[in-house]
Amino acid sequence: MTAYWLAKSEPETWSWDDHAKKGVEPWTGVRNHQAANNMKAMKKGDRAFFYHSNASSAHGGRAIVGIVEVTKTYYPDPTDKTGRFGAVDFRAVRALKSPVALTTIKSEPRLAHLALVRQSRLSVMPIDEKSWALICKLGGVAP
DNA sequence: GCCAACGTTGGC
DNA sequence: GCCAACGTTGGC
């Protein structure tokens, strides 16, 4: 059973283009237990949306821009000196044909329940299958 | 640049 | 163990 997720990154720090160029890259720097617990629950082959947070219009604004796949499950984050938090590895799968903006998600009643809308500070969150399919459709790609 | 939400820290 | 102060995230 594949599960679905959403992970945020500030494009000024790490953008979708950076990830697509790199291929596989560790997802480090999460310092929130709720987000870390979500990463802990990820299995190999799970999919996640790559979301640009805090993005200026130069980067296309706040939007879901791509899809990644879990290639390595939760392990201690080498960038965390306290040893409390972990990381996973993501492989870039594909870019959305058209990015799905936060404003679009907020204006879609079927997506109003997403943590992306309700809990703006959470950086890694689960996405239910129906929402995954709908966002893929809005983004112009197959689920 | 501002500020709401919310997590963390430290005094008691 | 409570809670005020403070720091950070991220939308606007």
Side-chain angles (χ1 to χ4, degrees), chain A residues 2-44 46-141 143:
Chain A
T2 305
Y4 301 101
W5 310 91
L6 181 147
K8 294 180 178 178
S9 182
E10 295 192 32
E12 310 259 329
T13 311
W14 184 253
S15 72
W16 166 257
D17 285 344
D18 293 333
H19 206 122
K21 252 176 244 162
K22 198 77 187 289
V24 177
E25 179 75 9
W27 200 262
T28 57
V30 170
R31 297 293 181 267
N32 170 286
H33 288 290
Q34 205 183 339
N37 280 336
N38 288 331
M39 290 204 298
K40 237 179 247 182
M42 290 180 186
K43 300 180 303 297
K44 219 172 166 179
D46 280 0
R47 298 262 162 138
F49 285 128
F50 192 113
Y51 175 83
H52 278 171
S53 68
N54 246 326
S56 62
S57 49
H59 280 97
R62 294 162 190 90
I64 294 170
V65 291
I67 293 173
V68 295
E69 179 181 282
V70 178
T71 57
K72 188 176 177 186
T73 53
Y74 199 77
Y75 60 95
D77 181 346
T79 71
D80 176 26
K81 291 186 195 79
T82 70
R84 282 187 290 181
F85 297 98
V88 297
D89 286 0
F90 283 149
R91 176 178 69 83
V93 174
R94 71 170 69 87
L96 298 194
K97 270 188 192 148
S98 45
V100 179
L102 180 61
T103 51
T104 306
I105 291 163
K106 285 197 159 171
S107 65
E108 169 52 70
R110 283 172 293 171
L111 297 174
H113 65 286
L114 292 185
L116 185 67
V117 178
R118 308 179 74 106
Q119 238 181 308
S120 65
R121 288 186 53 199
L122 185 61
S123 61
V124 181
M125 67 193 74
I127 299 283
D128 61 282
E129 203 174 342
K130 274 187 184 167
S131 303
W132 179 270
L134 178 56
I135 293 168
C136 285
K137 197 175 166 190
L138 294 171
V141 296

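Sequence lines set the chain letters: A, B, ... in the order given, protein chains first and strands last, and positions in each chain run from 1.
- Between A:N37 atom CG and B:dG7 atom C1' the separation is 14 Å, expressed in whole Å.
- Between A:K106 and the phosphate of C:dC12, there is a side-chain N or O to OP1/OP2 separation shorter than 4.0 Å.
- Taking every side-chain heavy atom of A:N32 into account, B:dG7 is the closest of B:dT8, B:dG7, B:dC6.
- Between the CZ atom of A:R62 and the P atom of C:dC12 there is a distance of 7 Å, rounded to whole Å.
- Between A:H33 atom NE2 and B:dC6 atom C1' there is a gap of 14 Å when expressed in whole angstrom units.
- Distance A:Q119 CD to B:dG7 P: 7 Å, rounded to the nearest Å.
- Residues satisfying the side-chain hydrogen bond (donor to acceptor under 3.5 Å, both in side chains) criterion with A:R94, sequence neighbours excluded, are absent altogether.
- For A:R84, the side-chain atoms get nearest to B:dT9 when compared with the rest of C:dG11, B:dG7, B:dT9.
- The side chain of A:S53 approaches C:dG10 more closely than any other nucleotide in the set C:dG10, C:dC12, B:dG7.
- The CG atom of A:L122 sits 11 Å away from the P atom of B:dC6 (whole-angstrom rounding).
- Scanning for side-chain hydrogen bond (donor to acceptor under 3.5 Å, both in side chains) contacts around A:K40 gives an empty result, with sequence neighbours left out.
- In this model, the phosphate group of C:dG10 is not approached by any side-chain N or O of A:R121 to a distance below 4.0 Å at OP1 or OP2.
- Going from atom CD1 of A:I105 over to atom C1' of C:dG10 covers 15 Å, rounded to whole Å.
- The shortest distance between the side-chain N/O atoms of A:Y51 and the OP1/OP2 oxygens of C:dT9 is not below 4.0 Å.
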Decide ring pair (Phe, Tyr, Trp, His ring centres under 6.0 Å) for A:H52 and A:W16; before the verdict, give the C-alpha distance in whole Å, the side-chain angles of both, and the deciding distance to 0.1 Å. CA-CA 8 Å; A:H52 278 171; A:W16 166 257; 8.2 Å; no
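- Atom-to-atom, CZ of A:R31 to P of C:dG10 comes out at 13 Å; the value is rounded to the nearest Å.
- For A:K8 and C:dT9, the NZ to P distance is 11 Å, given to the nearest whole Å.
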Show me, pair by pair, the donor-acceptor contacts under 3.5 angstrom made by side chains of residues 22-31 of chain A, not counting sequence neighbours?
unit_1 : atom_1 : unit_2 : atom_2 : d
A:K22  : NZ     : A:E25  : OE1    : 2.7
A:R31  : NH1    : A:D77  : OD2    : 2.9
A:R31  : NH2    : A:T79  : O      : 3.1
A:R31  : NH2    : A:T79  : OG1    : 3.0

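- Two residues are said to be in side-chain contact when any heavy atoms from C-beta on lie closer than 4.5 Å; A:L122 and A:M125 meet this criterion.
- A heavy-atom distance below 4.0 Å to DNA chain B is reached by none of the residues of residues 108-116 of chain A.
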Between side-chain atoms of residues 114-121 of chain A and protein atoms elsewhere (two or more places apart, or another chain), which donor-acceptor pairs fall under 3.5 Å?
unit_1 : atom_1 : unit_2 : atom_2 : d
A:Q119 : NE2    : A:Q34  : OE1    : 3.0

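- A:Y74 is linked by a ring pair (Phe, Tyr, Trp, His ring centres under 6.0 Å) to nothing, counting only residues two or more places apart in sequence or in another chain.
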